Undergrad: 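Quick one: this structure, given as structure tokens, is what I'll be asking you about.
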Amino acid sequence: MSAETVPATGAWLRVESGSAASAVRRAAERLGGQLGLDANRVAELAIVTAELTSNLVKHAQEGVLLLRPVRQDGEAGVELVAVDSGPGMADLTVSSRDGHSTTGTLGIGLGAIARQASWFDSWSRVGKGTVTMVQVWPKGVPVPSVWAAGLTRPITGEQVSGDGYAVRVAEGRHQVLVCDGLGHGPLAGAAAEAALAAFRSAPAVPPAAVVQHLHRSMAHTRGAALAVAELDPSAGLLRYAGIGNIAGVVLGPDGGRRGLVSLPGIAGHQRPAIREYDYPFPVGATLVMHSDGVVDRWRIEDYPGLTDRSPLVVAAALLRDAGVRRDDACVLVARRPA
């Protein structure tokens, strides 16, 4: 997707040259201005973007950056997610210090990013590459508390993804959705958008009832696979209901992995069986949900320390390594809300 236009869902941009880095910086500046950031904050956003893209050009292999707007309580900011496949950093703390450089520069890149950002998080591993996420909000706006986050990426050659995710808190219920519209392109995207809209407006009921509501609301679309999860920290449970091939996994604090059950069917068509399952979800557990555009052979033990990072950084690392280019892809990661 071109850096000239940034849709509401964001744009994935390859950053492999200085000219590409300059185009991404200009796109970030335009987006910041469109979202109402003042001139000083836009200038700081430009510094952040320049440092991120410079790192991708100088150090990275297969570097890409996601640029997208983020909104919270009537405020708007800019989010950047930089992802590469290597070489990675042995010690991210050392690399973040001013004066540390591997290419003869002043060595202020990651330090500058952290100073200008409202929120900064990163994970890196030698041989596994680096994931860095940054949010830039207006000065004085509190950084949102993020207990769940996701990413989507369209199939190669398409502008619209048929996969989607949503996060909501409805009358104290912390719920998430991942959906996969049948096929690819605009019609699949329309099915996903119908599911997302129905989820956001659904009554505050358990996951199985939410899925039933989505099914009824999607009769005019080509249909979708989807799953809804509810995190209940007071009960220490995860409640889950799914239709079709959405994968769900609970990663335990002890390193264990438990798959979640989805039943066959297509939301919006046929008469799918809908059933809700409860799973233990203790302190320190992590929920990962993804569409079939992400292969399920990933192993979290190959990513030491990743589950200690923010949900968005976890999602970006898994999408990078397990997402396939011949399909739309979506990953959502959630933790027990505070």
Side-chain angles (χ1 to χ4, degrees), residues 7-10 148-168 170 173 175-230 238-249 259-277 287-296 315 318-319 322-334:
T9 54
L151 293 168
T152 62
R153 188 181 64 200
I155 187 174
T156 300
E158 281 286 355
Q159 300 289 307
V160 176
S161 176
D163 290 0
Y165 72 91
V167 178
R168 73 171 191 163
R173 293 181 179 271
Q175 297 180 335
V176 296
L177 163 72
V178 170
C179 60
D180 179 355
L182 294 190
H184 309 107
L187 291 179
E193 282 300 320
L196 298 178
F199 176 74
R200 295 184 183 109
S201 63
V205 290
V210 174
V211 170
Q212 187 66 254
H213 172 80
L214 303 186
H215 170 64
R216 291 193 299 267
S217 301
M218 298 176 62
H220 64 290
T221 74
R222 61 168 51 179
L226 56 83
V228 174
E230 178 177 308
L238 176 84
R239 300 185 173 92
Y240 189 86
I243 300 173
N245 53 357
I246 300 298
V249 175
L260 311 181
V261 174
S262 283
L263 300 179
I266 302 171
H269 292 272
Q270 307 167 352
R271 295 179 61 86
I274 300 173
R275 183 176 173 184
E276 184 172 310
Y277 298 87
L287 168 67
V288 179
M289 296 169 63
H290 59 77
S291 67
D292 65 351
V294 177
V295 297
D296 60 3
L318 296 180
L319 181 63
V324 297
R325 294 291 180 177
R326 61 183 182 276
D327 199 358
D328 299 324
C330 175
V331 180
L332 177 138
V333 176

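Hydrogens, waters and symmetry mates are skipped; everything else that's a heavy atom, side chains included, is used. From a predicted model like this one, the values you see are computed outputs, not experimental measurements.
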Undergrad: Applying side chain to side chain contact (heavy atoms under 4.5 Å, CB included) to Asp328 and Arg153, what does each step give before you reach the verdict?
TA: CA-CA 6 Å; Asp328 299 324; Arg153 188 181 64 200; over 6 Å; no
Undergrad: Test side chain to side chain contact (heavy atoms under 4.5 Å, CB included) on Tyr240 and Glu230 and set out the steps.
TA: CA-CA 6 Å; Tyr240 189 86; Glu230 178 177 308; over 6 Å; no
Undergrad: Looking at every non-hydrogen atom in both residues, tell me the closest pair between Ser291 and Ala329 and how far apart they are.
TA: OG-CA, 3.6 Å
Undergrad: Distance alone, cut at 3.5 Å: any donor-acceptor contact between the side chains of Thr152 and Asp163?
TA: no
Undergrad: Just so I know, are the side chains of Val288 and Leu318 near enough to count as touching, which here means a heavy-atom distance under 4.5 Å?
TA: yes
Undergrad: Any side-chain donor paired with an acceptor under 3.5 Å for His184 and Asp327?
TA: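 Short answer, yes.
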Undergrad: Considering all heavy atoms of both residues, which atom of Pro272 and which atom of Pro264 are nearest to each other, and what is their separation?
TA: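 Scanning both residues, the minimum pair turns out to be CB-O, 4.4 Å.
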Undergrad: Ile274 and Ile243: side chain to side chain contact (heavy atoms under 4.5 Å, CB included), yes or no, with the steps?
TA: CA-CA 7 Å; Ile274 300 173; Ile243 300 173; 3.8 Å; yes
Undergrad: Do side-chain atoms of Thr156 reach the backbone of Arg325 as a donor and acceptor pair under 3.5 angstrom?
TA: yes
Undergrad: Under 3.5 Å, is there a donor-acceptor pair between the side chain of Arg222 and the main chain of Leu182?
TA: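 Checked: pair present.
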Undergrad: So, the side chain of His215 versus the backbone of Gly268: is there a donor-acceptor pair under 3.5 Å, distance only?
TA: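 Side chain of His215 to backbone of Gly268: a pair is present.
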Undergrad: I'd like to know if the side chain of Tyr165 and the backbone of Gly150 have a donor-acceptor N/O pair within less than 3.5 Å.
TA: yes
Undergrad: If we only count heavy atoms from C-beta on, is the Leu319 to Val331 side-chain gap below 4.5 Å?
TA: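 When only atoms from C-beta onward are counted, Val331 and Leu319 do touch, with a gap below 4.5 Å.
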Undergrad: Mind listing the closest non-hydrogen atom pair of Ala191 and Gly223 along with its distance?
TA: CB-O, 3.6 Å
Undergrad: Hey, mind stepping through Leu226 and Val178 against side chain to side chain contact (heavy atoms under 4.5 Å, CB included) and telling me if it holds?
TA: CA-CA 6 Å; Leu226 56 83; Val178 170; over 6 Å; no
Undergrad: Report yes if some heavy atom in the side chain of His213 is under 4.5 Å from a heavy atom in the side chain of Pro203; otherwise report no.
TA: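 Side chain of His213 against side chain of Pro203, heavy atoms only: contact under 4.5 Å found.
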Undergrad: Can a donor-acceptor pair be found, under 3.5 Å and without considering hydrogens, that links the side chain of Gln159 to the backbone of Pro186?
TA: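 No; zero donor-acceptor contacts below 3.5 Å.
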Undergrad: Heavy atoms, side chains only, cut-off 4.5 Å: are Leu332 and His290 in contact?
TA: no
Undergrad: Identify the two heavy atoms, one from Met289 and one from Ala229, that lie closest to each other, and give their separation to 0.1 Å.
TA: SD-CB, 4.0 Å
Undergrad: At their closest point, which heavy atom of Gly242 faces which heavy atom of Ser262, and how far apart are they?
TA: CA-OG, 3.5 Å
Undergrad: Could you measure the distance from the CG atom of Leu260 to the CG atom of Leu238? Nearest 0.5 Å is fine.
TA: 6.0 Å
Undergrad: Kindly indicate whether the side chain of Val160, heavy atoms from C-beta on, has any atom under 4.5 Å from the side chain of Thr9.
TA: no
Undergrad: Please examine the side chains of Ile246 and Asp180, heavy atoms only from C-beta on, and report whether any two atoms are closer than 4.5 Å.
TA: yes
Undergrad: I'd like to know if the side chain of Asn245 and the backbone of Asp292 have a donor-acceptor N/O pair within less than 3.5 Å.
TA: no
Undergrad: Quick one: is the NZ or CZ of Arg168 closer than 6.0 Å to the six-membered ring centre of Phe199, and within 45° of its axis?
TA: yes
Undergrad: Got a sec: does the CZ of Arg173 have more than 12 other heavy atoms crowding it under 6.0 Å?
TA: yes
Undergrad: Rounded at 0.5 Å granularity, tell me how far OG in Ser217 sits from CG in Leu196.
TA: 12.0 Å
Undergrad: Compare all side-chain heavy atoms of Val228 with those of Val176 and state whether any distance is below 4.5 angstrom.
TA: no
Undergrad: Looking only at heavy atoms, what is the nearest atom pair of Ala149 and Ala315, with distance?
TA: O-CB, 4.4 Å
